Asks: 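Just dropping this structure here.
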Amino acid sequence: MPFLSAPMWHSNRTHRFRLFVLLMGLIVGFFACPSPSSATEPQADLSASISRGQQLYQRACILCHGKAGDGDGPDAFYLGAYSAPRPRAFTEGEYKFRSTPSGELPTDSDLLETITNGIPGFMPFFSSLAESDRWDIVAYIKQFSPIFQETDKRTPIVLPPGPLPPNRESINRGHELYTLLDCEKCHSPLAIAPNGLYEQGELRDRRELDILPPDLSKPASFKNGHRPQDIAQSIMTGLDGTPMASFRETLPRPEDIWHLVNYVLSFSRPQ
Amino acid sequence: MNRLRQTKTKGILLSFCFVLVSQLFTTPDTHAIPAFARKYDVNCTVCHTRVPRLNRTGERFLENGYQLPGTEDGATIKKSLWGDLTLDNVSNYLGFRLRGNILRSVEYARRAQGSNIDGNPQDRTEFGFPEVFSLFAAGTVTNNVGFFVELESNLEEDATGIERAFLTFNNIGPHDWAHIRAGKIDPSAYSSYATLRQQFELVGDNSVDNGSFMLPTVNRIALSPSAFASKFYGLFDRGGTTILPTAPSLFHAVAEMGIDIHGRPFGEWFLYQVGILNGANEPFGDSNNPKDWYIMTRFDLAQSTYFSANLSGFSYFGSNNAKVSTTDDVSWSRYGVAANIRYYMVDFYAAYVVDRVTDLPNSLESTFDTTATGLTLEANVLATDRILLGIRFDHLDAGGLRNQRTSNSLLALMAKYYLRSNIALFLRDDINLRPAHHGRSPARNFRNAFFVGADVAF
């Protein structure tokens, strides 16, 4: 009996296979249609830019930053779990990486720079997106917080001329400043491990999560970049929402910032 | 002189070990990690809840052919030009993983006094070296064209070979509408509960092959998710080798030769997958002219408040892909649903799968049960930044030869300690919830297994 019924079974299977091939052909043919307009046009129209930004956000950003931009996407918890950082909550209007003074919003260029370069360790760089796409995302994420609409005050601070050559004199002056400004309270005298405040659980971010100060001997891990001007900017503006305050007002002389930068970079340079 | 040299060598080795171990225990958990993390300069946790399980970003990265979600960045990012092709630096596409047990202790039900049942295994405790080594290369060669090759060596099973190898062609048409994989692929990769990247690593069976179309002697059953397992006693591949009831198969095969297409044409909430495989459990070639094919749909819900969930349903249609005797082919198919829910530190999985064998010879109809089911429930909880706790329940309602088939229920418990995000030590205990006091079924003789092991990825 099985042998008698076998051809019929086989015929059914062949029919099923043909249907499958037809289905695959239809799918591939449908998808092979030319793509609708890509987001490479200049952002002349803000609402169109925001709309494109929303599409891109929902593909590339939502998984960490969440649907409403609260920094609570499905992957947000596991990024740092019980310690900082969690993804930025755009709704709060508070940003770590800015060229503007502490407490102010970042410029659009600051937001673009973070999207482009990512954050070492925690956010991949999206430089592969077209620049116009990245501007569209900037336009969209600003919609999450009304503060961007309420204030136009987003003036970058001006760094003094520099950087200065990292000579012995400059590094020694940087060391004095490092001590004077109590940097070692968080970054330790040797800069290679967190100091007492972290171990005592006193270093916490706005969400009350433990935050580990960077290892100054590994500048590639600096979240705001490791070029001298990046480090200078971090010291001058502070990283809002973290224990890293702005030292713009406390530096004795403006040019001291470059001595301090030279001292910080000396931890990773051969002596 | 020789003794001096030996002492010196021993000293160097000890120093090396000391430095290595002290590095493992003292280096802060900043940048680990394997190839993709090196390429994008991020931690493992950008793509994994905890290695090896993928988070949503990791899933999208996989779906997009090893390109960041929302991008088509296969071209030049962090790459070297090679004629018209662009290739990553070696360290950005080459990685390895070593995993397995350092200590294994297996306990069986005691034999009745004076009994002499052949093949009844003995309790055993043994030390070993992590037995599974995988070397993998993956990346893109240009926009939307990717590759993946994984070579695996399993000391316990004495097997080395290509585990998976395929090409990907991505974003055919509008972005994310269609991605194609062709080669030796893992069909369940995009479903809610995938076969690979399990926190509970598959523990293989211990069995003796008794020849073609002969049932093997199984001393210890494999410890694997019942939903993914073959589920039938007395099923053979077309070459006559037994398909063990605990081995992952069909839609949940670790790898099969074939081609599939998947995409999200309607947005992030819906994923489709359609594929066609040689089937027949053949590593290469296709003695079985009709193909197996499958369709899977997945619905993703919620994208905020640290919560996400998804639900998958699939049908896998087998065609002349197995045998129950030397002469007759049978068609072995599978249908099922799976779900995954994540909320803060809790990661929960469920899968319920039904297997059916059709085209059974009339002569076997009374002796072969053609339906089998498997249920697997798993929960992982990240108790601290470094400690992951896991529990898994498996229930197999086996089919196949009525005088052989034995259903079983197992409970697995695990604690995993992450020294770094890519280096973990684990303790695991598997308990048979339905042990027999005597008898010859390996599914009931097994009582308890305890493992201490390591899982390292670079």
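Just so you know, these numbers use all the heavy atoms, side chains as well, and skip hydrogens, waters and symmetry mates. Only a predicted model underlies this, so the values are computations on that prediction, with no experimental measurement involved. Throughout, a chain's letter reflects where its sequence line sits, starting with A, and its residues are numbered from 1.
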Asks: Which atom names give the shortest non-hydrogen contact between A/R59 and B/E268, and what distance separates them?
Replies: CG-OE2, 3.8 Å

Asks: Report the distance from atom CG of B/D385 to atom OH of A/Y78, rounding to the nearest 0.5 Å.
Replies: 12.0 Å

Asks: Would you mind checking which part of B/D347 comes under 4.5 Å of any heavy atom in chain A, side chain (CB onward), backbone (N, CA, C, O), both or neither?
Replies: both

Asks: May I have all residue pairs that pass salt bridge (charged side-chain N to carboxylate O under 4.0 Å, His left out) and include part of residues 64-78 of chain A, sequence neighbours excluded?
Replies: none

Asks: Which of parallel (below 30°), tilted (30 to 60°) and perpendicular (above 60°) describes A/F125 and B/Y40?
Replies: tilted

Asks: Under a 4.5 Å cutoff for heavy-atom pairs, which residue among B/C47, B/P69, B/G267 has the most contacts with chain A?
Replies: B/P69

Asks: Which distance, rounded to the nearest 0.5 Å, do you find between the OH of A/Y82 and the OH of B/Y344?
Replies: 11.0 Å

Asks: Identify which part of B/Y306 has an atom lying under 4.5 Å from any heavy atom of chain A, answering side chain, backbone, both or neither.
Replies: both

Asks: Side chain from CB out, backbone as N, CA, C, O: work out which of these in B/L68 comes under 4.5 Å of a heavy atom of chain A, or both, or neither.
Replies: side chain

Asks: Of all of A/S83, A/A81, A/G73, A/P74, which one pairs up most often with chain B through heavy atoms under 4.5 Å apart?
Replies: A/P74

Asks: Drop me the distance from B/N55's CG to A/L63's CG, to the nearest 0.5 angstrom.
Replies: 8.0 Å

Asks: Testing the basics here: between A/A60 and B/G70, what is the closest heavy-atom pair and its distance to 0.1 Å?
Replies: CB-CA, 4.4 Å

Asks: In Å, rounded to the nearest 0.5 Å, how long is the span from CG of B/N143 to OG of A/S128?
Replies: 9.0 Å

Asks: Quick one: closest heavy-atom pair of A/C64 and B/T57, and the distance?
Replies: SG-OG1, 4.3 Å

Asks: Looking at B/V46, B/T49, B/T71, which one has more heavy-atom pairs under 4.5 Å with chain A than the rest?
Replies: B/T49

Asks: Just jot down the side-chain contact (heavy atoms from CB on, under 4.5 Å) partners of A/P228, sequence neighbours excluded, or say none.
Replies: A/P163, A/W258, A/V261, A/L265

Asks: Which region of B/Q303, side chain (C-beta onward) or backbone (N, CA, C, O), has a non-hydrogen atom less than 4.5 Å from a non-hydrogen atom of chain A, or is it both or neither?
Replies: both

Asks: Please check if atom CZ in B/F348 has more than 12 non-hydrogen atoms from other residues, nucleotides or ligands closer than 6.0 Å.
Replies: yes

Asks: Answer yes or no: are there more than 12 heavy-atom neighbours, outside B/R197 itself, under 6.0 Å from its atom CZ?
Replies: yes

Asks: I'd like to verify something: which residue of B/N64, B/L382, B/D176 has the highest number of heavy-atom pairs under 4.5 Å with chain A?
Replies: B/L382

Asks: Which bit of B/R56 is near chain A, if near means a heavy-atom gap under 4.5 Å: side chain, backbone, both or neither?
Replies: both

